[in-house]
Amino acid sequence: MEARFTNSFAGSARKPANKVFRVQEQPLETPKNRGSLTLPERCAAERWIAVGIFAVTVLYLCIFRRYTSVDPDEGIVLQGAERILNGEVLYRDFFSLLTPGSYYWLALIFKIFGDSMLVARTALAVYGGIFSVFTYWVARRISPRWIALLTAYFVTIACLPWRFMTLHNWDSTLWCCSTVYCAILLLQVPHWGWAFGLGIFASLTFLFEQSKGAGLIIGLAFGFALAAWMQRSWSWYTTARATALAIGLVCPLALTVGYFAAHRALGPMLSDWMWAPSHYLTANRVPYGYADWNDQERDAMFASGTLTERLAVCVAVSPCFFVPALPVIGAASLPHWIISGRKGNVAIDRAVFYTLVSATVGGLLLSVAGTRASNLHLVYLAPIFYLALGCILDGSDISSALLRRIQPVLTIALFISFTAVGMALLVADRSAGHVVETSRGEVTTRVPDRVLEYTQAHLPPGTRTLVYPYLPLYYYLTDTFSAARYDYLQPGMHTAKQNLEMVHDIDAHCPAAILFEPAFYEKISTSWPNTSPGLWANDPVAEYILRNYQWCATLTSGANSRFLFMVPAGAACPGDARRPELDR
């Protein structure tokens with residue numbers, strides 16, 4: 001995981017080879033008692049603190065529920081869940097490069113609690129409460145209470161608020177945290193139940209995001225192997241626990257395969273899963289820690305305003321540069337913990353704990369680096385990666401005089417910078433003063449969203465339409481559906497065959513209207529810089545739309561993007577008149 005303080009119990013660190021971890025009933029506060037891990041869940045005071053953290057986090061995150069930046073990514077899972085509720089089967093009836101978990105999970109949530117943006121966002125707030133409690137309880141095992149609370153605070157204020165959107169990334173992180181928690185408990189209090197939970201949640205992580213699940217499983221397997229080697233014992237690996245782990249891993253996968261096979265979708269499912277490594281990774285590859293800022297955004301942040309304003313901006317965005325360093329620190333510290341544990345410089349149970357978490361961080365880091373290594377994709381794993389902050393700020397298992405000297409200043413600097421980015425996110429949310437009533441409930445945007453207003457005024461719910469190239473959130477908010485099996489088609493990422501399939505679907509189903517964003521191509525160089533211009537310079541879908549559909553109005557979205565509202569050539573525009581005044 002990350003670096004830790006020098007252990008005052010170094011002399012008594014080694015345990016007999018046939019013993020498992022010594023669990024303390026009460027959290028240990030004094031440095032002289034730092035010989036072993038604590039189990040905070042067994043302390044009533046710690047349980048009440050966890051309840052308080054959960055409640056405060058959920059209440060805070062509920063502030064963000066109605067705001068939308070009209071981000072293209074958010075509608076993917078939302079609209080996929082709508083298709084499922086409408087009787088469609090994933091992969092057979094519509095395309096996805098993701099494993100199926102998030103689509104069916106969200107459809108279940110909608111089925112139970114109601115189908116609205118507020119319900120989806122409330123689920124996110126609950127995730128945030130779980131993330132903060134997870135980080136607190138894991139950090140509390142090896143750190144003083146104030147360090148664990150500070151780490152949980154960082155998760156609360158600068159994790160989900162960074163991108164408060166209904167995305168598969170947050171769903172998979174929920175199961176990822178559950179997996180890591182079961183793995184830690186399996187080390188501390190070995191039981192077949194924790195092994196079964198470890199298998200179930202690891203499998204679910206894969207079924208919600210294949211790359212994250214694969215990285216998690218690889219990291220945990222490596223970590224457990226190192227733990228056994230360091231303790232010179234395989235006492236955890238009883239037949240009962242190994243069987244429970246295997247059953248937990250296999251059952252979700254078997255049920256998934258059986259479901260899609262029964263619905264004649266197994267072949268399309270495997271085909272869509274294999275599509276991602278060949279196409280998504282190519283278009284989405286970016287430098288490590290990449291920030292999706294265009295030149296105008298950089299100038300606005302760093303080249304305008306007074307010196308004081310620029311300094312404030314630098315403080316607020318500093319976590320964007322610090323967060324990418326955390327998983328690197330965590331993974332790179334793995335040799336330190338192995339050596340420290342073997343030499344007895346750190347109590348063996350603490351060293352094994354650090355080793356397991358560091359190996360897991362390394363596996364998750366590989367999963368991000370192998371897909372899209374932007375700072376946002378690192379933030380999605382903040383509940384685990386931010387544990388490095390707790391290790392650094394505590395530092396009692398790290399033999400570094402320099403670290404001890406700079407810890408007070410570093411703690412204050414991190415608190416200020418993370419609070420600043422959290423407040424910036426909160427101000428952005430609170431400054432969104434434009435309320436839009438949608439078919440999925442009320443949302444707020446920074447600027448008026450004429451696309452939503454105009455579309456809902458002229459297209460009845462359930463209409464087959466098309467949003468091209470990439471903003472499926474409009475389908476969900478307007479209660480309309482794509483006339484094609486693709487809810488989005490990204491030029492330069494999807495294949496020529498898929499482009500032709502989209503053209504065929506448009507021609508066959510003739511959508512009542514098309515929302516076309518001509519300037520989308522200008523975003524590709526910033527958001528997907530690895531995309532070859534030759535792959536999207538000639539867009540057959542755009543050519544077909546412009547040749548067969550006529551313009552009725554130009555509409556501005558809540559993200560200040562411009563869309564053309566188009567109807568089939570020869571058809572009357574809504575209201576029997578064009579509305580060029582909406583261009584304003």
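Everything numeric here is computed off the predicted structure, so don't read it as measured data.
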Heavy-atom distance under 4.5 Å between the side chains of [X] and [Y], does that happen here?
X      : Y      : answer
Leu216 : Leu364 : yes
Phe134 : Ile384 : yes
Thr531 : Met493 : no
Leu473 : Asp71  : no
Leu198 : Leu220 : yes
Trp162 : Cys320 : yes
Gln498 : Trp275 : yes
Pro472 : Val467 : no

Kindly say whether the aromatic ring centers of [X] and [Y] come within a distance under 6.0 Å.
X      : Y      : value
His168 : Tyr103 : no
Phe481 : Phe94  : no
Trp170 : Tyr127 : no
Tyr259 : Tyr104 : yes

- Polar contact flag, side-chain donor to acceptor under 3.5 angstrom, Thr371-Lys212: no
Exercise. Verify the distance criterion only: is there a donor paired with an acceptor across the side chains of Ser211 and Glu209 at less than 3.5 Å?
Key: yes
Could you tell me whether [X] and [Y] make a salt bridge, using a distance below 4.0 angstrom between a side-chain N and a carboxylate O?
X      : Y      : value
Glu46  : Arg145 : yes
Arg141 : Glu41  : yes
Glu74  : Arg121 : yes
Asp479 : Arg440 : yes

Specify whether [X] and [Y] have parallel, tilted or perpendicular ring planes, treating 30° as the upper limit for parallel and 60° as the lower limit for perpendicular.
X      : Y      : answer
Tyr354 : Trp337 : parallel
Phe64  : Tyr60  : perpendicular
Tyr488 : Tyr470 : parallel

Problem set entry | Check: Tyr280 main-chain N/O paired with Gln490 side-chain donor or acceptor under 3.5 Å | no
Reported [atom1]-to-[atom2] distance for the pair [X] and [Y], which is rounded to 0.5 angstrom:
X      : Y      : atom1 : atom2 : value
Ser367 : His377 : OG    : NE2   : 10.0 Å
Asn169 : Asp73  : CG    : CG    : 8.0 Å
Leu160 : Leu167 : CG    : CG    : 9.5 Å

**Item:** Worked check of side chain to side chain donor-acceptor pair (under 3.5 Å) between Thr151 and Thr135
**Value:** CA-CA 7 Å; Thr151 308; Thr135 302; over 6 Å; no
Test side-chain contact (heavy atoms from CB on, under 4.5 Å) on Leu334 and Thr355; report intermediate values, then the result. CA-CA 6 Å; Leu334 180 60; Thr355 298; 3.6 Å; yes
So with a 6.0 Å cut-off around CH2 of Trp273, is the heavy-atom count from everything else above 12?
yes
message = Run the side chain to side chain donor-acceptor pair (under 3.5 Å) test on His336 and Ser333 for me, step by step, so that the C-alpha distance in whole Å, both residues' side-chain angles and the decisive distance to 0.1 Å come before the verdict.
response = CA-CA 5 Å; His336 168 79; Ser333 66; over 6 Å; no
Here the pair of heavy atoms bringing Gly341 nearest to Ile348 is O-CD1, 3.7 Å
